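Written out below as structure tokens is the structure these notes cover.
Counting begins at 1 with the first residue of the sequence. Keep in mind that this is a model prediction, so the values were computed, not measured.
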Amino acid sequence: MAIIENAYTWTFTSTGTGNILDARGVAQSLTFGIETSSGCTATTIILHRMGSSAGPMTSMHSTSMAAGIFVTAQMLGPLEYLAPRVSDKTAGSTNVVTVYLKGN
């Protein structure tokens, strides 16, 4: 059985980029779960950068999310700095995008 070495959650009630996670040396295999609430649509992007958390990040995964769905994205590492970005989100504080990360 795999041991979870990394677990992190970002919650978005508006558009923007989540806190950057330093994943260096933490996990070789990462699974992202991206979920929208029942009235929320959005575009979600998983960003990555190596060497430093400063500066531009590149897109590793992008998906347009319908309301009330869950999407899984798996990536192999090693990876360094990660952050999700949410854009084109349905307005309203009850419309939520949640991004989960598990790694081993």
Side-chain angles (χ1 to χ4, degrees):
M1 176 195 286
I3 297 172
I4 299 297
E5 296 179 14
N6 197 343
Y8 200 82
T9 303
W10 295 266
T11 303
F12 294 87
T13 56
S14 61
T15 60
T17 302
N19 291 335
I20 296 172
L21 175 66
D22 181 352
R24 292 177 295 168
V26 177
Q28 295 292 313
S29 176
L30 299 170
T31 300
F32 289 87
I34 307 163
E35 183 173 29
T36 54
S37 61
S38 62
C40 183
T41 62
T43 299
T44 305
I45 304 164
I46 304 299
L47 300 170
H48 177 248
R49 178 165 171 90
M50 297 179 85
S52 166
S53 63
M57 298 180 90
T58 188
S59 171
M60 293 180 57
H61 175 82
S62 178
T63 188
S64 293
M65 305 284 294
I69 67 168
F70 184 86
V71 172
T72 300
Q74 293 185 308
M75 290 152 202
L76 295 176
L79 300 174
E80 292 194 7
Y81 300 97
L82 304 165
R85 178 180 307 195
V86 172
S87 63
D88 304 322
K89 186 187 143 308
T90 307
S93 62
T94 60
N95 293 323
V96 177
V97 176
T98 306
V99 179
Y100 305 96
L101 168 67
K102 301 283 185 189
N104 66 3

In terms of hydrophobic clusters joined by side-chain contacts under 4.5 Å, are [X] and [Y] together?
X      : Y     : result
Tyr100 : Ile20 : no
Ile45  : Leu21 : no
Leu79  : Ile46 : yes
Tyr8   : Leu30 : yes
Leu82  : Phe12 : yes

Are the side chain of [X] and the backbone of [Y] linked by a donor-acceptor contact shorter than 3.5 Å?
X     : Y     : answer
Glu35 : Thr98 : no
Lys89 : Cys40 : no
Thr36 : Ile69 : yes

- Partners passing side-chain contact (heavy atoms from CB on, under 4.5 Å) against Thr31 (at least two apart in sequence or in another chain):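 Scan of Thr31 (side-chain contact (heavy atoms from CB on, under 4.5 Å), adjacent residues dropped) gives Thr72, Gln74.
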- Item | Minimum heavy-atom distance between Ser38 and Ala67, given as atom pair plus value |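 Reported closest heavy-atom pair: O-CB, 3.2 Å.
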- Query: Shortest non-hydrogen contact from Gly18 to Ala83?
  - Reply: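 Answer, listing the atom of Gly18 first, then Ala83: O-CB, 3.7 Å.
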- Task: Using the side-chain hydrogen bond (donor to acceptor under 3.5 Å, both in side chains) rule, collect all pairs that involve residues 48-63, keeping only residues at least two apart or in two chains.
- Result: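 For residues 48-63, and leaving out neighbouring residues, there are no side-chain hydrogen bond (donor to acceptor under 3.5 Å, both in side chains) pairs at all.
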Decide yes or no for [X] and [Y]: does some side-chain heavy atom of the first lie under 4.5 Å from some side-chain heavy atom of the second?
X      : Y     : answer
Pro84  : Phe32 : no
Phe70  : Ile34 : no
Val97  : Met65 : no
Leu101 : Trp10 : yes

- Query: Can you tell me if Thr90 and Thr41 form a side-chain donor-acceptor pair at under 3.5 Å?
  - Reply: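 Looking only at side-chain atoms, Thr41 and Thr90 do form a donor-acceptor pair, the distance falling under 3.5 Å.
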- Query: Under the side-chain contact (heavy atoms from CB on, under 4.5 Å) criterion, do Thr17 and Met57 qualify, and how do the steps go?
  - Reply: CA-CA 11 Å; Thr17 302; Met57 298 180 90; 5.6 Å; no
- Query: Hey, what do you get for CG (Asn104) to OG (Ser29), rounding to the nearest 0.5 Å?
  - Reply: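 Here the rounded value is 5.0 Å.
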